[in-house]
Amino acid sequence: MNASIAESAVEQAGESFRALRRGITRSRGFSLHVCTCDSPATRDQLIRNLAASMPAVPIHRYELADTDDDVLEATATVLADAAPGPVMVVGVERVLGDDAHAQRFLSGLNLRRGEWPTRIPYPVVFWLSRRMLGRLTAGAPDFFDWRSDTIEFPELSSVESHPFATREWQFGVSPRVSKEEQQERVKELEARIAAVRQSDDERVIRNRAEWWDELAVLKWVRGDVDEALRIYTEEQIPVYERLGDLRAKAVTQGKIAGILQGRGQLDEAMRIRIEEELPVFERLGDLRAKAVTQSKIANILKTRGQLDEALRLLNDEVLTVHSLFGAAHQKAVTLGEIANILQDRGQFDEALRIYTEEQLPVYERLGDLREKAVTQGRIADILQTRGQLDEAMRIRTEEELPVFEHLGDLRSKAVTWGQIADILKARGQLDEAMRIYTEEQLPVYERIGDIRQKAITLAMIADILKARGQLDAALHILTDEVLATFARLGDLRSKAVTWGKIADLLKARGQLDEAMRIRTMEQLPVYERLGDVRQKAITQGKIADILQDRGQLDEALRVRTEEELPVYERLGDLREKAVTLGKIADFLQARGQLDEALRICTEEELPVYERLGDLHGKAATQGRIADILQTRGQFDEALRIYTEEQLPIYERLGEPHEKAITQGRIADILRTRGQFDEALRLLSDEVLPVFERLGDLRSLLFCRIDIALTLLARGRTDDHAQANALLCQALAAPNHLRIPEVGQIEQMLQHVGMVCDSMT
């Protein structure tokens with residue numbers, strides 16, 4: 001073969017390979033493709049290349065035996081206990097070469113034509129030599145009328161065919177493609193659509209609809225959600241109605257529902273799922289598609305806090321269907337959704353059991369690396385919540401990251417880096433957490449044009465700035481970048497969450513009226529509209545916090561007992577119920593009702609955290625108990641709890657910030673007992689350096705005030721001057737760090753005859 005002919009063959013093979021890959025990746029269920037190739041070696045190499053090009057998609061190969069008359073049953077057997085994916089059927093020419101078997105084989109294809117979409121809801125590719133193509137399509141004309149394409153491949157050497165193994169992606173827009181490359185693809189698709197806009201040929205119309213679909217996904221990822229919605233409703237739905245393609249129309253309506261759900265329009269999303277999607281799949285007898293839709297309905301119910309109904313739907317309807325069909329992969333996915341709900345309820349042991357005993361073994365057996373990594377990430381979530389940070393970190397770095405790197409999934413890799421940063425933040429390693437957010441996550445999201453994930457990462461950066469006391473910088477990011485992005489996306493839920501972060505910042509500044517306005521006017525109405533009872537209850541708890549800071553204790557207590565607690569009890573959310581009980585105990589302690597506060601902490605809160613295995617929650621509750629005992633004057637027992645119960649947990653969890661706060665409380669007891677030197681040593685040598693290292697300027701100010709108070713109580717010759725300097729330093733802090741106790745500090749200075757330059 002001369003060079004020009006070889007080059008032409010490679011070019012033709014490349015075009016054919018890309019056409020086959022596009023047909024498979026865009027398939028929304030069963031699709032039929034016929035590929036001709038005279039060289040079995042080239043055919044097998046092309047199938048291997050196809051698998052390499054789509055690493056997250058299981059490509060199955062089935063070689064027909066000489067006596068295989070019923071290819072439908074043979075194909076179904078291949079998929080019976082395997083991950084869902086396209087099936088390559090080879091050996092067709094051998095069956096057709098035997099006249100007796102060929103007739104039964106072709107008749108079976110025609111007779112069972114209607115069963116393929118329900119039995120095999122995945123792409124099927126028939127490979128055969130060119131000389132047998134006519135016999136196949138003529139012998140089973142009804143069946144092959146369904147084929148999407150007939151694709152011809154020339155014979156190639158293994159070296160010539162190797163370059164076709166470039167990677168594609170099955171989860172929407174590939175995370176390997178930059179936003180510039182996405183834009184080029186947008187231009188290409190728009191040009192293709194414009195070129196055939198007037199064509200009435202059905203095949204062209206269907207191709208045009210596929211191009212519109214890809215364009216809609218690109219628009220959605222790039223933040224143009226309105227245009228994505230317009231494409232689905234104005235360009236695709238009318239086409240499928242005209243073609244009478246009920247399935248494609250229902251699938252597209254499901255995509256519309258997905259966008260609406262993301263925007264918080266849960267009522268309309270639910271209506272589409274129930275009234276537009278489900279009836280179509282029921283009419284078509286497609287139980288699997290019906291089950292998938294019911295899973296999405298359960299997700300809406302979960303968002304609304306209707307956990308019992310979501311669990312019932314998943315257990316009684318979805319899981320039953322997947323078990324009936326022996327769909328191991330889908331069954332595992334559904335079990336994961338059930339575990340997610342249990343995890344939200346605080347039923348960590350059962351959720352963990354499902355992840356480790358029900359899901360992971362299936363994904364390992366199926367070789368599904370991606371889903372295995374995702375499940376391991378959920379296990380890490382539980383471990384992190386329980387305070388098992390070392391093991392959570394090990395899973396993130398050794399189990400998740402390498403898989404996403406292997407798959408080339410930049411987005412999932414960046415998300416995992418963010419979860420690693422969350423652990424570092426919990427440990428007080430704020431500098432490294434900030435480095436990850438800015439150097440590992442943001443550049444990826446900017447490169448692939450994922451503005452939603454970029455906004456989420458910016459919100460995490462704002463959290464660190466807040467922890468460091470840089471409230472102005474945090475507020476700027478939240479209002480000018482994060483809030484603006486979610487407003488552009490029409491994402492009501494994320495916008496409400498961001499408003500909540502802004503309210504937290506304003507509360508920290510002492511701007512209680514504006515914080516209250518945001519909670520009542522910006523957040524609550526959104527969660528009420530969404531029917532999200534959990535987030536509504538959490539927001540009401542934040543309102544109670546503000547009321548408590550204002551001194552409106554009776555109203556704060558009413559909100560906690562009448563608005564929050566009943567919701568968590570109804571949802572079966574043990575964790576949030578325990579958190580709320582702890583706040584009620586704080587309130588009772590402030591009122592002097594120490595016995596009842598102590599009872600709540602010891603009998604209602606602590607057992608929950610012990611049952612959940614939540615070390616952090618347990619330590620916080622023990623600290624609350626010690627606070628009450630300290631108020632009672634039971635200093636020995638309070639000191640014992642701080643030193644023997646709390647500190648070891650925070651040391652084990654690697655939480656320096658919480659450890660420093662506990663040491664500050666120990667210093668309070670030492671000061672009360674007159675052990676001024678030891679209190680000063682603890683504050684100066686243990687507590688102060690931690691806040692300086694973490695960059696927590698607000699905690700640093702309070703620590704300096706505590707040192708000043710201890711110096712004044714000790715009353716040595718030079719203590720007065722040092723205390724004066726520390727208190728004046730607190731008053732001289734930038735406005736964004738000034739604390740609500742400023743007036744009290746000024747009165748204290750005047751009372752002991754101290755003067756600051758700012759006061760003269």
Is there side-chain contact between [X] and [Y], with at least one heavy-atom pair below 4.5 Å?
| X | Y | value |
| --- | --- | --- |
| E400 | Q419 | yes |
| M460 | D422 | yes |
| E678 | L670 | yes |
| I705 | L726 | no |
| R575 | F348 | yes |
| Q630 | L639 | no |
| D614 | V608 | no |
| T303 | R493 | yes |

Taking every non-hydrogen atom, the tightest pair across [X] and [Y]:
| X | Y | result |
| --- | --- | --- |
| R452 | F486 | CG-CE2, 4.2 Å |
| C703 | L683 | SG-O, 4.0 Å |
| Q646 | A619 | NE2-O, 3.0 Å |
| I649 | L615 | CG2-O, 3.7 Å |
| V482 | A459 | CG2-N, 3.8 Å |
| R671 | D706 | NH1-O, 3.3 Å |

Report the distance from atom [atom1] of [X] to atom [atom2] of [Y], rounding to the nearest 0.5 Å.
| X | Y | atom1 | atom2 | value |
| --- | --- | --- | --- | --- |
| R624 | Q589 | CZ | CD | 8.5 Å |
| L383 | I423 | CG | CD1 | 9.0 Å |
| L430 | L465 | CG | CG | 10.0 Å |
| Q347 | D344 | CD | CG | 10.5 Å |
| S699 | R704 | OG | CZ | 11.5 Å |
| I456 | T485 | CD1 | OG1 | 10.5 Å |

Would you check, one step at a time, whether the test side chain to side chain contact (heavy atoms under 4.5 Å, CB included) holds for Y355 with I382? CA-CA 11 Å; Y355 291 141; I382 293 179; 3.8 Å; yes
If the threshold is 4.0 Å, N to carboxylate O, is there a salt bridge linking [X] and [Y]?
| X | Y | result |
| --- | --- | --- |
| D719 | R714 | yes |
| E645 | R640 | yes |
| E604 | K577 | no |
| E651 | K659 | yes |
| R681 | E686 | yes |
| R386 | D349 | yes |
| E399 | R394 | yes |
| R550 | E555 | no |
| D545 | R519 | no |

Please determine whether side chain to side chain contact (heavy atoms under 4.5 Å, CB included) holds for the pair R560 and Q548, giving the CA-CA distance in whole Å, both sets of side-chain angles, and the decisive distance to 0.1 Å. CA-CA 11 Å; R560 300 234 189 261; Q548 198 160 334; 3.8 Å; yes
Given I584 and L588, is the side chain to side chain contact (heavy atoms under 4.5 Å, CB included) satisfied, shown in steps? CA-CA 6 Å; I584 290 173; L588 295 173; 4.1 Å; yes
In terms of heavy-atom contacts, does CZ of R611 have more than 12 from other residues, nucleotides or ligands at under 6.0 Å? no
If you draw a 6.0 Å radius around NZ in K425, do more than 12 non-hydrogen atoms from other residues or ligands fall strictly inside? yes
Do H657 and Y650 pass the ring-ring contact (aromatic ring centres under 6.0 Å, His included) test, and can you show the C-alpha distance, the side-chain angles, and the key distance before you say yes or no? CA-CA 9 Å; H657 189 274; Y650 292 138; 9.9 Å; no
Between L547 and M516, is the side chain to side chain contact (heavy atoms under 4.5 Å, CB included) condition met? List the steps. CA-CA 9 Å; L547 292 170; M516 179 66 88; 3.6 Å; yes
Before giving the answer on salt bridge (Lys or Arg N to Asp or Glu O under 4.0 Å), spell out for E446 and K454 the whole-Å C-alpha distance, their side-chain angles and the decisive distance to 0.1 Å. CA-CA 7 Å; E446 287 170 349; K454 178 182 175 181; 3.6 Å; yes
Tell me whether T438 contacts the main-chain N or O of R435 through its side chain, where contact means a donor paired with an acceptor under 3.5 Å. yes
